[in-house]
Amino acid sequence: MNDAGILCVAGASGLVGSQITKVALEKGYHVHGTMRDADDKSKRPHLMALPGAEERLTLFSADTSDGASFDAPLEGADAVFIACFPPIYHGKDGTPARELDRERGFREVVRPVRDGCLGVLEAANRQGVGNVVLCSSTSSTNPPEPVAVKTEENAVSDPEKQMDDGKFTAAEKIVMERAAEEFCDAHDMRLAIMLPTMMLGPVVLPQHLEGASMEMPARLYRGENASHDRVPAGSMSLSHVEDVAKLFLAAYEAPDARGRYFAVYDSVPWQNIYAEIVRYVPDAQLPAPLEGEPEEPTRFDFTRRDSLGVTMRSVPETIRETFDWLKSEPFS
Ligand SMILES: NC(=O)c1ccc[n+]([C@@H]2O[C@H](COP(=O)([O-])OP(=O)(O)OC[C@H]3O[C@@H](n4cnc5c(N)ncnc54)[C@H](OP(=O)(O)O)[C@@H]3O)[C@@H](O)[C@H]2O)c1
């Protein structure tokens with residue numbers, strides 16, 4: 001148990017941030033967690049119910065539109081985990097991001113994330129926080145020319161191409177990563193960047209059941225239809241959300257860990273994912289069967305991920321745990 005260290009989790013009420021908070025508390029750290037409203041009655045009690053929270057979790061209000069609001073939670077911290085940039089899917093007036101022109105897409109989707117992240121990093125630098133673990137996404141890992149086996153070095157999206165193609169929500173991630181790399185290099189801060197995709201498993205807040213990752217199993221469990229009409233031919237990269245959090249902590253605790261890390265267990269055809277799900281919810285409203293053969297899943301080289309020493313749960317284990325947990329009616 002590490003009883004002394006303080007870790008700041010920016011976005012502690014989020015799917016990823018709440019798991020980082022949970023794992024950090026389990027490991028004995030003190031946690032300064034941020035959310036926009038630390039008194040939010042629909043969120044705070046769930047976080048304060050985590051084991052160790054009463055003694056070692058302090059929640060702060062901080063908004064990425066005001067970097068200085070992160071000074072107080074960062075004071076005394078040895079590291080900051082940045083998980084407070086959920087994807088922006090719409091422009092300011094509600095226009096879907098993919099329909100924005102290039103100038104608006106940059107101004108309303110890409111730039112706020114880049115500048116918001118720099119605001120958190122500037123606060124970290126002011127407070128002398130030397131270790132940063134940034135949550136990005138595999139949407140930053142799609143190079144213009146496909147690669148046979150993705151590594152963290154060769155799987156790098158081209159932000160200009162993504163923005164030319166109207167993929168502003170994806171471009172925000174690689175632009176954020178590059179800005180963070182430049183800032184941390186210039187200020188001698190150690191930066192590790194984690195790249196997750198879909199994350200399943202027991203979550204901390206009921207709101208997480210509505211988010212991109214857990215919505216599908218939660219809907220199927222409730223007897224509602226899946227978002228797919230037909231099983232897609234493609235694949236999905238997946239991991240257990242607690243394993244992702246363990247990777248974040250491992251990246252902090254390994255003094256030489258820096259740079260990008262895949263935070264996925266593996267990529268699996270949707271056909272296999274639905275075949276696994278139906279074992280636990282046999283009456284679920286599943287999509288129509290795939291026509292034809294599934295495509296080859298994305299292939300990854302996990303050498304860097306595995307160097308962090310976290311044993312990750314397989315996709316069948318993750319799906320089983322997810323449905324066992326849903327069946328326990330955790331928030332009723
Ligand atoms: N969920 C996924 O399936 C998924 C997949 C791949 C990558 N990721 C990445 O993981 C990261 C975290 O995502 P998530 O799914 O954990 O998001 P989330 O559940 O929506 O949580 C976002 C967190 O950020 C906080 N936040 C939102 N807007 C903020 C603002 N303006 N200022 C300060 N804090 C703000 C939220 O707090 P309040 O709302 O309480 O203020 C919350 O704590 C993102 O970079 C995302 O791209 C997520």
Side-chain angles (χ1 to χ4, degrees), residues 8-22 31-47 57 59-70 72-74 80-89 92 97 109-110 112-120 123 133-142 157 168-177 180 193-201 203-218 227 236-242 244-245 247-248 260-265 267 318 322:
C8 176
V9 180
S13 54
L15 175 79
V16 176
S18 61
Q19 294 286 327
I20 299 171
T21 301
K22 186 182 84 165
V31 178
H32 290 179
T34 80
M35 50 210 276
R36 280 168 293 183
D37 176 6
D39 294 321
D40 186 327
K41 302 280 180 292
S42 72
K43 299 180 179 180
R44 185 182 177 93
H46 296 284
L47 290 165
L57 174 62
L59 294 173
F60 294 76
S61 298
D63 196 307
T64 56
S65 61
D66 171 20
S69 62
F70 285 86
L74 284 161
V80 59
F81 296 82
I82 302 178
C84 56
F85 295 100
I88 299 174
Y89 291 112
K92 283 199 183 318
V109 177
V110 177
V113 175
R114 182 197 67 184
D115 292 356
C117 184
L118 286 173
V120 177
V133 187
L134 173 64
C135 188
S136 185
S137 154
T138 49
S139 60
S140 72
T141 66
N142 298 311
S157 299
F168 303 106
T169 308
E172 67 177 54
K173 293 297 183 223
I174 189 70
V175 170
M176 173 182 77
E177 286 182 32
I193 297 172
M194 311 311 287
L195 306 164
T197 312
M198 187 183 201
M199 290 164 275
L200 303 181
V203 296
V204 176
L205 270 69
Q207 287 89 337
H208 301 155
L209 294 177
E210 314 303 326
S213 274
M214 280 295 285
E215 187 185 10
M216 182 268 278
S227 48
M236 175 52 84
S237 300
L238 215 155
S239 47
H240 194 293
V241 66
E242 189 186 53
V244 172
L247 288 169
F248 276 75
R260 303 169 94 215
Y261 293 88
F262 292 128
V264 302
Y265 173 77
S267 183
T318 297
T322 302

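Indexing begins at 1, ligand by ligand and atom by atom, following the structure's order.
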Using the rule given for side chain to side chain contact (heavy atoms under 4.5 Å, CB included), can you reason through F70 versus T64, listing the C-alpha separation, both sets of side-chain angles and the distance that settles it, and then say yes or no? CA-CA 8 Å; F70 285 86; T64 56; 4.0 Å; yes
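One finds the NZ atom of K43 at 11.5 Å from the CG atom of L59 (value rounded to the nearest 0.5 Å).
In summary, the side chains of S140 and R260 do present a donor paired with an acceptor at a separation below 3.5 Å, with no hydrogens or angles considered.
Evaluated for a side-chain contact (heavy atoms from CB on, under 4.5 Å) with T169, the options S137, S139, P87 yield exactly one hit, P87.
Under the 4.5 Å side-chain criterion, counting only non-hydrogen atoms from C-beta, F262 is in contact with L195.
Checked against salt bridge (charged side-chain N to carboxylate O under 4.0 Å, His left out), K22 has the following partners two or more places apart in sequence or in another chain: E242.
Annotation: ligand 1 has protein neighbours G11, A12, S13, G14, L15, V16, M35, R36, K43, A62, D63, T64, A83, C84, F85, P86, P87, C135, S136, S137, K173, P196, T197, M199, S213, each with a heavy atom less than 4.0 angstrom from the ligand.
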